[in-house]
Amino acid sequence: MRQLFISITLLLAFFVTTAQNLQSPDGKFFLTFTLQADGTPVYNLTYKSKTIIKPSKLGLELKDDKKSLLNDFTVINTKNTTFDETWKPVWGEVNSIRNHYNEMAVTLTQKETNRQLLIRFRLFNDGLGFRYEFPQQNNLVYFTIKEERTQFAMPGDITAFWIPGDYDTQEYDYTRSRLSEIRGLQEKARTANLAQTSFSPTGVQTSLMLKTDDGLYINLHEAALINYACMHLNLDDKNMIFESWLTPDAKGDKGYIQAPAVSPWRTVIVSDDARDILASKITYNLNEPCKIPETSWIKPVKYMGVWWEMITGKSAWSYTNDLPAVQLGVTDFTKVKPNGTHGANTANVKRYIDFAAQNGFDAVLVEGWNVGWEDWFGHSKDYVFDFVTPYPDFDVQELHNYAASKGIKMIMHHETSGSVRNYERHMDTAYKFMKANGYDAVKSGYVGPILPRGENHYSQWIVNHYQYAIEKAASYKIMVNAHEAVRPTGIARTYPNLIGNEAARGTEYQAFGGSKANHVTVLPFTRLIGGPMDYTPGIFEMDISKISPGNHSHCNSTLANQLALYVTMYSPLQMAADLPENYSRFIDAFQFIKDVALDWDDSKYLEAEPGEYITVARKAKGKNNWFIGNVNGEQTRTSTIALDFLDAGKKYTATIYADAKEAHYKTNPQAYTIRKITVTSKSKLSTVSAPGGGYAISIIPGVSK
């Protein structure tokens with residue numbers, strides 16, 4: 001009798017926790033959703049019958065709420081649908097994107113509170129997206145998130161490519177380690193930054209790249225980060241379970257929600273081929289379609305800038321060294337002594353404009369043109385810039401006319417010093433000033449601690465500020481390249497005027513002591529999953545002391561590697577970051593930067609292994625020209641690729657820019673070779689890539705004479 005009672009109890013438990021299942025369109029992914037005996041939502045995910053996510057809890061802990069949204073749920077409705085469309089991005093790596101998924105929407109009700117929560121799952125052929133939805137209801141209207149409790153239970157102590165969890169910066173080199181090693185390596189991985197706030201010895205950031213011992217690649221990230229705090233991941237390193245960890249505001253709260261509302265999507269991209277991770281478009285597909293009615297003004301941009309000379313220390317953003325502090329509207333800059341190192345002067349900018357025009361570039365960026373740089377950082381200064389008043393040696397109108405006469409656009413620079421209220425206060429005036437003076441794009445910056453004090457770069461309120469700036473810019477037909485902002489989550493599909501972001505350790509760090517030689521073999525698997533990066537490549541002089549004698553940094557890259565970045569680090573906004581005189585020294589190699597396209601009809605991911613190498617081929621928009629880039633990690637490697645993506649029966653001229661035999665990122669970075677050969681779709685190429693090296697190839701129809 002007792003045995004019968006146990007059997008009936010187990011049977012009842014089975015029906016209470018009966019699973020809802022979902023498969024990807026190709027059947028390779030299988031998701032199971034269940035409720036535990038206490039009504040806690042749980043999901044797990046397999047790929048080709050291999051476990052990707054072990055049973056993992058879902059839910060949200062609410063502030064000042066006895067029950068929260070964690071358990072005591074029952075399933076009241078499950079709706080399964082299929083969706084399949086093809087859409088065309090305004091710019092991108094391909095000319096069309098297929099958005100094909102099977103969806104399961106599970107509606108839950110909480111028995112004690114009678115509150116409803118909907119969890120929506122979408123399974124694509126390359127992974128999973130899911131989010132929380134809060135329907136309009138009487139029992140859940142306004143609420144504050146104490147913490148989101150989304151789990152990602154890993155299939156073991158697998159390998160991760162990670163940067164430390166931080167509320168204020170992503171500007172770290174990547175560390176490769178087992179999950180169990182993160183705690184011991186965390187302190188060493190956390191290098192100095194002008195604004196940084198850690199939260200846990202096992203906290204890491206997304207996009208997080210992982211690899212299992214049996215060769216499965218897993219990527220964890222989020223999509224459509226709108227009106228919500230940025231998600232980090234905190235690792236339970238005893239059980240190998242990641243749990244979401246949202247960025248708090250100044251009060252420690254992690255989100256103020258008014259129903260109806262939705263969370264961002266949590267994404268899990270998976271494949272047994274690393275190339276598929278790079279090709280995935282899940283992040284974009286989980287965002288809404290373009291909301292800008294007319295987009296012809298949004299155009300890819302290849303630019304130069306008065307920037308690297310300041311980054312290296314050759315010149316300065318500030319105009320004078322005579323004053324301990326300045327006040328906008330009070331300090332008369334016509335009556336102070338110029339420091340003689342101010343980079344944003346009319347004559348110097350004209351030099352950049354001339355070089356850009358002679359070499360077919362689209363635009364020139366100038367930093368340090370506006371008053372206020374003498375005491376812009378580190379003083380909690382609210383009214384730090386007005387974004388419209390130039391220094392005496394920067395003639396806005398003359399430079400506008402001069403650039404226009406050369407066919408060059410100017411790119412505006414708006415550094416906020418983290419004072420977002422001041423920026424919003426001046427934004428309309430600043431954008432009107434830009435339009436009046438021929439600026440179609442702005443590079444914004446958020447260096448240093450955020451004002452209001454106590455806010456973080458990635459909290460809900462500041463995330464909303466970044467979104468406000470993008471949408472406000474769109475109303476003025478202005479393109480945005482935001483630096484030090486939150487890392488992108490595919491929002492450029494909805495607002496394609498967001499043509500660039502930094503939000504990671506960029507080239508500037510090569511002048512701040514250097515980055516790891518394999519850094520650029522990791523970024524496409526991590527930071528670029530959410531959108532393009534303004535990485536600012538193209539450095540030809542690796543010994544920074546030759547630019548600025550007091551700076552002994554070294555750019556840990558070969559020259560050929562720098563060329564390859566224009567293909568491997570996709571962006572519709574690409575900078576030739578070095579000084580014009582350094583390009584003139586290597587004018588034959590500079591030809592590739594001049595030739596390489598910005599927008600693409602197709603992309604082929606030929607080779608890939610995170611932290612080791614990436615080889616990508618891309619077809620220029622509207623043309624039959626192909627460009628190939630290969631970046632290599634720490635070890636010498638022979639890259640062998642087939643050109644079977646070329647049109648059959650046609651001949652092409654391939655110009656190959658490669659590391660010379662003796663090249664090495666540290667000891668001989670400027671050793672390169674250039675050769676031309678005739679190729680067809682049947683050709684195979686083998687090229688040796690040096691440590692920190694690589695190669696770049698342009699492939700043009702026809703046989704060169």
Do NZ/NE/NH1/NH2 and the carboxylate oxygens of [X] and [Y] come within less than 4.0 Å?
X	Y	result
R275	D273	yes
D237	R183	yes
E171	R505	no
E103	R120	yes
K254	D249	no

Hey, are [Y] and [X] close enough side-chain-wise for a donor-acceptor pair under 3.5 Å?
X	Y	result
E148	Y228	yes
Y466	E471	no
S180	D157	yes
T202	N234	yes
T169	H457	no
W265	N287	no
Y172	H519	no
T526	Y174	yes
T150	Y132	yes
T32	N21	yes
Q196	Y167	no

**Request:** List in chain and number order the residues that pass salt bridge (Lys or Arg N to Asp or Glu O under 4.0 Å) with D65, two or more places apart in sequence or in another chain; answer none if no residue qualifies.
**Result:**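 For D65 the salt bridge (Lys or Arg N to Asp or Glu O under 4.0 Å) partners, ignoring immediate neighbours, are R115.
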